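Take a look at the structure below.
Since we're looking at a predicted model, the values are computed, not measured.
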Amino acid sequence: MIQPDTDNLNRLILSLLKQRGSRTASEQILNQIYNELLTFPHAEIGIDLSHRLITTLYTKFAKQWETYWAYRELSRMAVLLSRLTSTKEQNIKFEQKKYYPKGRKTLFIIDTDFWLGHLQVLCSFLEIASREERDKIEVIAFNGRQDSVLDKKLEKLSVKYSLIQNPKVSDKLKLLGSYVERISKKGFETKLIWTAWPPLMFIGSLFRIADHQVCWAMKYPAPMGHQCDAIYYPYGFDEKTTGSTYMHDSSIKIITHPFYLTKDALSTNEEAEQAKQKTLKTSSKLRALKDEGKLIIACIARPEKMNNQRFIDRLKDLLSSNKNASFVWCGREGADSSKIFQKNLEIHAISDRCTFLGWVNPWDTLKDIDYFLDTHPFGSGITLAQALRLHKKVILHRGKPITQDLQLEDSITIEPNFSAVIRSQKAIKLGYFIELNPEDKNSHFLGLAIQKHCDDTKYDEFDIFAPSQAIHSKISQLLLS
């Protein structure tokens with residue numbers, strides 16, 4: 001196999017990463033990268049190089065911009081890379097059988113065992129699953145640690161968990177292929193569910209490793225390789241979010257489904273040893289604001305999701321309309337995204353009304369706030385669900401109206417997260433959502449936030465992501481049947 005010269009490609013990617021503030025310049029460089037990839041021989045880029053390229057574009061470009069057009073560009077690159085990437089060296093030759101006497105094994109493949117949103121959704125499902133369902137499930141991590149939060153939870157649930165310890169993605173895929181082949185020879189039909197971040201879902205779905213293989217996309221349903229049978233997308237909480245669509249001219253069907261999050265999954269913190277110290281430090285800052293009589297508006301999300309003009313404008317209007325309000329936010333101290341957001345606050349002359357909390361324990365921090373300000377256009381995700389479980393008032397940004405006339409694909413593209421679907425009738429009836437309308441300044445006035453009484457036995461009265469046996473049955477049928 002020929003290893004193409006990647007010097008010019010690397011130079012272009014470095015140029016792209018420097019264009020954080022200019023979409024036009026970024027689009028020009030992306031077209032150059034696309035054209036550069038077209039010069040490479042068909043099916044001659046190695047697995048590890050392809051994985052490195054898609055990882056860089058995902059982590060340093062798409063996740064930094066956090067806009068739908070950035071993810072669409074990532075998808076465009078992925079489609080091209082899927083044609084250019086060689087699968088010869090893996091030598092994975094899966095043979096499907098006509099009959100499997102022992103039924104089905106479902107393998108959830110994850111990239112890392114760090115306690116992120118996709119693992120919170122997965123463990124919520126496993127927590128409600130029956131003993132019979134869990135017996136047919138295994139979780140396999142490409143990168144993991146013994147005694148991690150995930151390791152301990154799966155042990156408690158009696159779910160088989162294993163690690164593939166090898167530095168190269170190409171070698172990990174070989175080992176996974178061999179393992180699935182052994183299961184198949186024992187008489188089990190196999191289903192792989194890639195529950196990982198997009199770069200690994202993309203690389204893994206370039207191969208036919210099992211009878212059925214799907215991607216369970218927790219964020220934005222792209223990009224995937226051509227051997228992906230379907231994309232499962234947990235996009236909401238009621239019957240209106242159940243459907244299927246296609247995106248980006250792809251032939252891979254996206255099946256949307258409701259989901260739930262258990263209290264245990266939402267309240268667990270990865271950094272258990274440091275959690276108490278962080279909580280005390282954060283509580284001290286929030287208590288000082290409370291002592292001054294401040295109304296605390298918080299956004300506990302990555303700064304990348306707040307670094308856009310629409311979010312800044314809404315925040316500025318909120319603070320202008322509520323003189324006694326303070327805004328608190330979190331992020332990695334010293335990180336570029338934190339510095340950029342702080343600079344934006346200073347440019348708009350609202351930094352004196354804002355308090356940086358550093359990297360926090362979301363669950364404990366949300367207990368001490370009055371209002372949760374969701375991000376826009378990408379919703380804040382799990383921290384929104386945590387705020388709902390703690391019965392906080394949630395402030396939404398009015399985007400394009402989500403109506404029955406709007407196609408599902410458009411809904412996902414415009415607001416590819418929870419914010420797009422929590423405007424259903426059920427959510428409105430709950431009465432604790434406040435929607436900011438840029439054309440109606442009165443919508444920015446906030447009253448004293450009244451927290452509803454926490455009654456863990458009555459989730460469905462106020463929590464749209466509450467565990468439900470009916471919802472579990474729908475998910476189980478999709479994942480395991």
Side-chain angles (χ1 to χ4, degrees), residues 1 43 45-55 58 78 81-82 85-97 100 102-114 116 118-119 122-123 126 134-146 148 150-151 154 159-218 223-232 252 479-480:
M1 186 179 67
I45 293 182
I47 286 292
D48 295 303
L49 173 58
S50 185
H51 180 253
R52 194 159 60 248
L53 288 173
I54 203 72
T55 299
Y58 175 66
L81 275 175
S82 68
T85 303
S86 169
T87 58
K88 299 173 189 173
E89 58 185 288
Q90 271 31 67
N91 196 28
I92 297 174
K93 297 178 180 178
F94 179 79
E95 294 183 8
Q96 191 169 24
K97 297 178 176 59
Y100 292 97
K102 293 190 177 181
R104 172 180 287 176
K105 280 277 189 183
T106 301
L107 310 178
F108 289 88
I109 314 300
I110 64 173
D111 179 69
T112 174
D113 62 2
F114 197 78
L116 300 172
H118 58 287
L119 295 189
L122 171 59
C123 282
L126 295 175
R134 293 200 297 266
D135 284 342
K136 299 175 183 177
I137 291 171
E138 293 183 29
V139 178
I140 299 174
F142 271 31
N143 297 284
R145 305 146 293 161
Q146 290 184 336
S148 65
L150 178 67
D151 187 9
L154 293 180
V159 174
K160 186 176 180 181
Y161 176 53
S162 55
L163 305 175
I164 298 181
Q165 301 285 18
N166 200 294
K168 295 176 68 175
V169 169
S170 54
D171 291 335
K172 291 176 190 285
L173 289 168
K174 287 180 186 177
L175 291 171
L176 177 61
S178 299
Y179 181 64
V180 173
E181 186 179 11
R182 290 198 298 272
I183 293 175
S184 182
K185 286 180 178 179
K186 290 179 181 178
F188 289 99
E189 183 182 23
T190 53
K191 181 174 184 177
L192 289 188
I193 301 182
W194 292 91
T195 314
W197 71 334
L200 185 59
M201 286 196 284
F202 165 70
I203 291 296
S205 55
L206 290 175
F207 303 87
R208 174 54 58 178
I209 300 176
D211 297 279
H212 311 278
Q213 43 196 53
V214 301
C215 292
W216 201 13
M218 300 292 170
M224 307 303 163
H226 56 276
Q227 290 289 356
C228 174
D229 299 330
I231 298 170
Y232 299 158
I252 303 172
L479 297 178
L480 306 182

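The shortest heavy-atom contact between Gly144 and Leu163 is CA-CD2, 3.8 Å. Across Val159 and Ile137, no two heavy atoms sit closer than the pair CG1-O, 4.0 Å. Residue Tyr161 comes nearest to Ala141 through the heavy atom pair OH-CB, 3.5 Å, listed as atom of the first residue, atom of the second, then distance. For the residue pair Gly225 and Leu206, the shortest heavy atom distance occurs at CA-CD2, 3.9 Å. Here the shortest heavy-atom pairing between Ile45 and Ser50 reads CG2-N, 3.9 Å. Taking every heavy atom of both residues into account, Leu150 and Cys123 meet most closely at CD1-SG, 3.6 Å.
The main-chain N or O of Ile193 is found under 3.5 Å from a side-chain atom of Thr195 such that the two form a donor-acceptor pair. Judged by distance alone, with hydrogens and angles left aside, the side-chain atoms of Thr55 form a donor-acceptor pair with the main-chain N or O of His51 at under 3.5 Å. Judged purely by atom type and a 3.5 angstrom limit, Lys160 has no side-chain atom pairing as donor or acceptor with the backbone of Leu154. Between the Asp113 side chain and the Arg145 main chain, a donor and an acceptor come within less than 3.5 Å of each other. With Lys172 contributing its side chain and Phe142 its backbone, the two residues share a donor-acceptor pair below 3.5 Å. When atom types are taken as modelled, the side chain of Thr85 and the backbone of Ser82 share no donor-acceptor pair closer than 3.5 angstrom. Judged purely by atom type and a 3.5 angstrom limit, Ser205 has no side-chain atom pairing as donor or acceptor with the backbone of Cys228. Judged purely by atom type and a 3.5 angstrom limit, Ser184 has no side-chain atom pairing as donor or acceptor with the backbone of Val180.
Put simply, the side chain of Leu122 reaches to within 4.5 Å of the side chain of Trp216, judged on heavy atoms. You'll find the side chain of Thr106 stays beyond 4.5 Å of the side chain of Leu479, heavy atoms only. When side chains are defined from C-beta on, Gln213 does not count as touching Lys191, because their heavy atoms never get closer than 4.5 Å. Between Phe108 and Ile140, every side-chain heavy-atom pair lies at or beyond the 4.5 Å cut-off. Taking the side chain as every heavy atom from C-beta outward, Tyr179 and Glu138 approach each other to under 4.5 Å. Looking only at side-chain heavy atoms (C-beta outward), Arg104 and Lys136 stay at 4.5 Å or farther from each other.
In this structure, CG on Leu480 lies 12.0 Å from NZ on Lys105, to the nearest 0.5 angstrom. In this structure, CD1 on Ile110 lies 9.0 Å from CG on Asn143, to the nearest 0.5 angstrom. Between Phe188 atom CZ and Arg182 atom CZ the span is 14.0 Å, to the nearest 0.5 Å. For the atom pair CG (Leu192) and CG (Leu176), the distance works out to 5.5 Å, reported to the nearest 0.5 Å. Note that CG of Asp171 is 10.5 Å distant from CD1 of Ile164, once rounded to the nearest 0.5 Å. How far CH2 of Trp194 is from CE of Met201: 10.5 Å, rounded to the nearest 0.5 Å.
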Hey, mind stepping through Leu119 and Phe114 against side-chain contact (heavy atoms from CB on, under 4.5 Å) and telling me if it holds? CA-CA 8 Å; Leu119 295 189; Phe114 197 78; 6.0 Å; no

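Residues Asp211 and Thr190 bring a donor and an acceptor atom of their side chains to less than 3.5 Å of each other.
Under 4.0 Å is where a charged nitrogen must lie from a carboxylate oxygen, and between Arg208 and Asp229 at least one such pair does.
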